[in-house]
Amino acid sequence: MGKYDTTKLRNLGIVAHNSAGKTSLVEAILFNTGMTDKLGKVDNGTSAMDFEEEEIKRQATLNSSLNHCLWNDHSLHIVDTPGVSNFLHDTRRCLRILGGAVVIVSAISGTKSQTAQIWKWCDNFEVPRIAFVNKMDKDRANFLKAVDDMEKSLGARAVVVTMPIGAETEFKGTIDLIKMEARIYKFDEKGTYDVVAIPAEYQSEAERLREQLLEAIAEADDDLMEKYLDGEELTETEIMTGLREGVLTGVFTAVFCGSATANIGVRQLLDYIVACMPSPIDKGMQVGIKPFSEDIIERQPSEEDPFSAMVFKTINDPYAGKLTLMRIYSGTLTGDTVVFNPNKDEKERISNIFQLEGKKQSPIKLAAAGDIIAVPKLKVTATGDTLCDLKNQVMYEPLVPLKPIISFALEGKGKGDEDKIYTGLQRLMEEDPTLRITRDDETKEMVLSGMGQVHLEVAVERLHRKYGAEIVLREPKVPYRETIKAATKVQGKYKKQSGGKGQFGDVWIEVKPLPRGSGYEFVDKIVGGVVPRNYIPAVDKGIVEAMKAGPLTKNQVVDVQITLYDGSHHSVDSSEMAFKVAGSMAFKKAMEACKPVLLEPIMSIEITVPDDCMGDVIGDLNSRRGKVVGVEPQASSQVIMAEVPMSEVLRYAPELRSMTSDRGMFSMEFSKYEEVPTHQTAKILEEMNKE
């Protein structure tokens, strides 16, 4: 790191939906490049990349993990990313700083909605992609169907570069459509093969797909197009130049094939990664601003430019401390260096530099533009922050975390765990900005929010494993509101005589409903001093305190107007306390006569589902008292926009996954309060009485 020419660096994310074979491909890459001496397996827990207990237990990547390797005199930084929908936020953060991506497409199941979401993020961050159709040796493998699924569900122009020889148990190897040669593999997990002529039965299909490849390559370069249209034969060098240009510009997506677990097609893929994927030089300059101003600052991916980097991930370990992962955009970095964090307006000392190898850390002396590194024990730096040279400052735009979509109330299992729970959750939130902990002042609950039920369950497991704190999650209370539907006038009179000085306060108020969302309004219409001016704020305060607990559910009362229009006082016995009590008494009496009703929070929800699931999802929303407000078509999917009561979607994430076979995704935020239907109010009150 730092000793390689920047043009020979490749920063790659391995991305796809869960179970497509991302980690297996990374394991095969590490084995083929000599980083490991045996082929790690996800199924038996020997993977170098899925090393957290929660990942081994679920046999799924839940955290992005990093490694590096060398291939054909090039240095590759590889990020194995999550594909489970609850953890895609981690994948998104990594894509922000990566140069390219290898998208895994299952030869069995094609692409899923998680892959489609990742594909959109690649578009947003301008990340060039190639695709690897995996699991060609498994039952029901179908290469051309997987390629067709890419085009239909992702909107990709898929151009085949290597095609399979056979499928399922008949899968024997691959055909390179540029070299027009076949590789027959020995299935010894070492990736060994024999180069042979293309079998006769595959010659026609190979020529057809090669013609499509040449046509796409010619379209990526004007000079090649002219030569192609003139009927001239393109040389292999020209084809490779056009292939690289097409991948980098996104004109098409080059497609390769093989089997990660059997280590077939992986060396071929590595050759094309080096040939087609961008270096930091290809990605070009980064644009930021001068801290504390709006001046535009540019940084070239060069060791000669001042140092700058972006933090994309934080790892906390109760024993090893905090590791901060960053991508260097410009300049160089060595240990024992002081840098500047413009987000926090603080200096940070870099003591040591590491490159990550799964769970292992390997110290290095120098890192340069394009490198992905880890540094320990930074004091204030968090995910999304910029680090830069002290004298040449720049700040890059941070990535805004996704909004949580599900919440649970939490409580400690044992007494005295509060400090451990709080400390542990703070550490987890440093690692994962999509985790949120809040206190609901109304329900008096601590609420943990995240991207799904599995996300929160894993957080709870980590909290216990890393910090020894045990908590229980349960559905949070719904923050209902109360309001009125009628107006009334009432008197509130407080009179107390106990031998000495008494207490006397007397008010008349008029209570009216206000439009939804208006809150509370207090109107003073006292004339003639019947209520002295210095006591009027006390009346207001007494009413406000009484509004905190309505007569139906003891929830906050909203959307009412209170007019204080009459009253009386005693020259000796009246006091602020007496008028405060009188105001409270008047309001409580008025609520009984004003037809109180219950209001519930309504959530605005946006759901992305496959076409074939739309009817089921809309029917389910209707059963939850939801209102569909719009539907927008997308590639092979539909985006449903709806409004639905919060009480009906507290556990919507796992239920949507069940309805859509884990292909649906949604986001949700508070919209407004609406009146609860009468029959539903009765059910709510009955449940509360049981409690």
Aromatic Tyr565 / basic Lys489 pairing, under 6.0 angstrom, 45° off normal: yes

Considering all heavy atoms, the nearest Gln680-Glu648 contact: NE2-OE2, 4.2 Å

Closest approach of Tyr396 to Thr386 (non-hydrogen atoms, all atoms of both residues): N-OG1, 2.9 Å

Aromatic ring proximity Phe87/His455, centre distance under 6.0 Å: yes

Side chain to side chain, Arg625 and Glu600, heavy atoms closer than 4.5 Å: yes

Salt-bridge contact Lys627-Glu643 (side-chain N to carboxylate O under 4.0 Å): no

Test: Lys57 and Glu52 ion pair at under 4.0 Å: no

Carboxylate-amine/guanidinium proximity below 4.0 Å for Asp90 and Arg93: yes

Test item: Arg92 and Leu95 side chains (from C-beta on) under 4.5 Å apart, heavy atoms: no

Verdict with supporting geometry, Lys485 and Glu675, salt bridge (charged side-chain N to carboxylate O under 4.0 Å, His left out): CA-CA 10 Å; Lys485 298 191 73 173; Glu675 183 179 340; 3.5 Å; yes

Over all atoms of both residues, closest heavy-atom pair of Asp506 and Ala582: N-CB, 4.3 Å

Intermediate values then yes/no, salt bridge (charged side-chain N to carboxylate O under 4.0 Å, His left out), Arg462 and Glu54: CA-CA 8 Å; Arg462 286 178 179 156; Glu54 296 79 19; 3.7 Å; yes

From Leu410 atom CG to Leu425 atom CG, the distance as rounded to the nearest 0.5 Å: 6.5 Å

Heavy-atom pair with the smallest gap, counting every atom of Asp620 and Ser623: O-OG, 2.6 Å

Glu510 with Lys525: basic N within carboxylate O range, under 4.0 Å: no

